[in-house]
Amino acid sequence: MRRFFPFILLFTTLFAEAQNTMYFMDRLPQNIAYNPAIIPKMDFFMNMPGAGFSAQLYNSGFSFNELDDFASNLDNENYNPDKFVQSIGDYNLFSAEASMNVASFGFKLKEKNFLSFSFVMNTWAMNKASSEIAYLLADLDDLTPEDFPLEINDISFEGNVNLNLGVTYAHAVNKHLTLGITPRISFNQAGIKTTDLNYSIDYNDPDINPSLDEYEQTFTGEALLGLPTKINQEIINSGKLDGDAGLLEDNWENDISAGSLLQNKSLMLDIGATYEIAKWTFSASLINLGSSTYKTNAYELKGNNDKVLVKELDEVKIGIPVKFYAGAMRQFSPQWNYAILFNNNFYSTGPVTSATASLNGYVGSALSTSISYTVGNKFNDLGIGLRLRFFPGTDLYFVTDNIVQAMNYKNAFRLTAAAGINIAIGVKDKNLLPEITPEETN
């Protein structure tokens with residue numbers, strides 16, 4: 001099992017994208033990523049290359065301090081570790097997503113339209129396992145013989161790293177309705193999906209069985225892999241992963257070229273709509289329709305701790321969590337509005353839902369802001385968003401849904417952050433879209 005840890009850590013050490021506070025922020029073109037029908041109130045924008053990211057971490061069952069308290073007290077005979085494990089519930093869900101801007105820009109097109117382009121690196125990871133996984137995050141030497149055997153069943157792990165090239169087109173059908181679409185080519189770099197993965201560990205008393213290892217570890221299950229390079233040739237020849245052969249060849253990174261980064265392609269799609277009536281704007285979007293497909297360097301690993309069989313496949317598909325957003329916003333003054341947003345992330349193991357209420361507005365073209373409150377499973381927190389024009393035509397922004405938990409991160413269940421620098425030209429105090437007469441809609 002330890003052979004897979006470096007590959008798993010490739011994903012879990014990265015963070016995540018999901019900024020509810022950003023959705024209704026004024027003069028911040030990054031909210032196109034959450035609804036392609038949102039038309040920025042500017043003539044042109046460019047997100048500075050490498051100067052834009054969005055990230056999130058979420059763990060459903062416990063915070064860092066709770067886990068630390070659990071691990072520190074395992075050797076305390078008056079401490080009941082089962083009480084903590086039961087408080088997690090049947091399962092613990094960990095998720096992480098991130099995006100980093102490589103290049104993006106957009107511009108107003110013929111009054112009623114907005115066209116934008118983006119090249120973004122995305123990564124996400126999800127792990128769902130029975131609550132006993134908390135024991136594996138502690139020091140096994142602190143456990144008593146009565147705590148064994150430990151069994152962690154139905155482990156689900158999925159992850160993917162890709163480069164996305166997208167084109168967003170938003171069109172004002174009339175003065176009420178705007179539609180938007182973002183077709184994206186996903187260049188998939190590495191992915192993993194496990195099924196029927198079970199892990200157990202038992203204790204052997206050295207005084208009774210000195211010839212056996214103190215801890216006996218077993219696992220069974222299978223994993224689908226999409227890799228940026230070929231698997232170790234020794235594994236291909238033998239058809240199994242065992243012995244001293246590593247998963248990848250030594251110095252495998254030297255075989256990575258620009259062509260290999262573009263070899264596993266798939267199509268993704270984002271769609272959205274907004275509808276304005278009186279002082280209200282209603283919006284909805286579906287993000288990440290599609291999946292990551294690997295037709296090169298696609299493998300199936302199946303077996304147990306004694307032998308893992310390896311098979312090269314023609315194709316591996318790894319689903320991307322679909323995101324659904326639905327919101328309503330009321331403009332109660334020329335510069336300020338209040339809004340509510342519902343967000344559902346559809347993981348293969350079940351949805352993660354949140355809701356955000358926000359107050360959003362701007363002061364001239366120099367400053368726009370949002371103050372929010374987000375609720376979800378074990379995370380309720382204040383959020384803040386700021387966009388500041390610190391140089392002519394240049395904006396610095398920072399957004400988080402969890403400003404309080406960020407300052408006390410060891411007790412947090414969810415952490416989010418987004419920051420970057422935009423070049424923005426032609427920022428408007430009023431909506432870009434002109435009044436459209438009924439005749440224009442025919």
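Numbering of residues begins at 1 and proceeds along the displayed sequence.
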Please report the interatomic distance [atom1]([X]) to [atom2]([Y]), rounded to the nearest 0.5 Å.
X    : Y    : atom1 : atom2 : value
Q189 : L261 : CD    : CG    : 5.0 Å
T296 : K230 : OG1   : NZ    : 7.5 Å
T374 : I403 : OG1   : CD1   : 12.0 Å
D395 : R387 : CG    : CZ    : 4.5 Å
N422 : S104 : CG    : OG    : 7.5 Å
T168 : N35  : OG1   : CG    : 10.0 Å

With sequence neighbours left out, what residues match [X] under ring pair (Phe, Tyr, Trp, His ring centres under 6.0 Å)?
X    : answer
Y409 : none
Y169 : none
F379 : Y58

Are side-chain heavy atoms of [X] and [Y] found at a separation under 4.5 Å?
X    : Y    : value
P321 : M126 : no
F64  : N59  : no
R27  : Y397 : no
Y34  : N343 : no
L137 : F70  : no
D68  : K410 : no
F107 : F117 : yes
E222 : K311 : no

Do any N or O atoms from the side chain of [X] and from the backbone of [Y] form a donor-acceptor pair under 3.5 angstrom?
X    : Y    : value
S368 : D26  : yes
N47  : I421 : yes
S285 : G272 : no
Q331 : W336 : yes
N402 : D381 : no
S266 : S291 : yes
K378 : F413 : no
Y23  : L341 : no
T182 : P36  : no
N198 : D154 : yes

Show, in sequence, the C-alpha distance, side-chain angles and deciding distance for V352 and S95, and conclude whether the side chain to side chain contact (heavy atoms under 4.5 Å, CB included) test is met.
CA-CA 10 Å; V352 174; S95 66; 5.5 Å; no
The side-chain contact (heavy atoms from CB on, under 4.5 Å) partners of L262 (sequence neighbours excluded) come to F187
Under the criterion side chain to side chain contact (heavy atoms under 4.5 Å, CB included), I'd like the reasoning laid out for N232 against L248: C-alpha separation, chi angles, the key distance, then a yes or no.
CA-CA 5 Å; N232 193 327; L248 301 178; 5.9 Å; no
Non-hydrogen atoms of [X] and [Y] that approach each other most closely:
X    : Y    : answer
T194 : I155 : OG1-O, 3.4 Å
T293 : N264 : O-CB, 3.6 Å
N188 : N160 : OD1-ND2, 4.0 Å
V85  : Y135 : CG2-CE1, 3.6 Å
M25  : S370 : CG-CB, 3.6 Å
T21  : G383 : OG1-CA, 4.3 Å

Enclosure of F390 CZ (heavy-atom neighbours >12, cutoff 6.0 Å)
yes
| Checking side chain to side chain donor-acceptor pair (under 3.5 Å) for the pair S131/N92: CA distance, chi angles, key distance, verdict? | CA-CA 5 Å; S131 54; N92 181 75; over 6 Å; no
**Report entry** side chain to side chain donor-acceptor pair (under 3.5 Å) evaluation trace for S283 with T274
**Finding:** CA-CA 4 Å; S283 61; T274 66; over 6 Å; no
The side-chain contact (heavy atoms from CB on, under 4.5 Å) partner of R184 among L165, N288, L289 is N288
The side-chain contact (heavy atoms from CB on, under 4.5 Å) partner of V399 among N31, L28, I384, T369 is L28
The single option from Y373, F24, F332 that satisfies ring-ring contact (aromatic ring centres under 6.0 Å, His included) with Y338 is F332
**Request:** Go through T356 and D401 one step at a time and tell me if the side chain to side chain donor-acceptor pair (under 3.5 Å) criterion holds.
**Result:** CA-CA 9 Å; T356 299; D401 292 343; 5.3 Å; no
Check your understanding: Is the closest side-chain donor-acceptor distance between N377 and R414 under 3.5 Å?
Key -> no
| query | Under 3.5 Å, is there a donor-acceptor pair linking the side chains of N153 and S130? | reply | no
Exercise for review: Show your working on side chain to side chain contact (heavy atoms under 4.5 Å, CB included) between I423 and M48 and close with a plain yes or no.
Suggested key: CA-CA 7 Å; I423 303 295; M48 295 295 289; 3.7 Å; yes
N408 meets the side chain to side chain donor-acceptor pair (under 3.5 Å) criterion, sequence neighbours left out, with N411
Sorted by chain and number, sequence neighbours left out, side chain to side chain donor-acceptor pair (under 3.5 Å) with N337 holds for N360
Legend entry - From CA spacing to verdict: side chain to side chain contact (heavy atoms under 4.5 Å, CB included), Y325, K323: CA-CA 7 Å; Y325 293 93; K323 302 176 184 294; 3.9 Å; yes
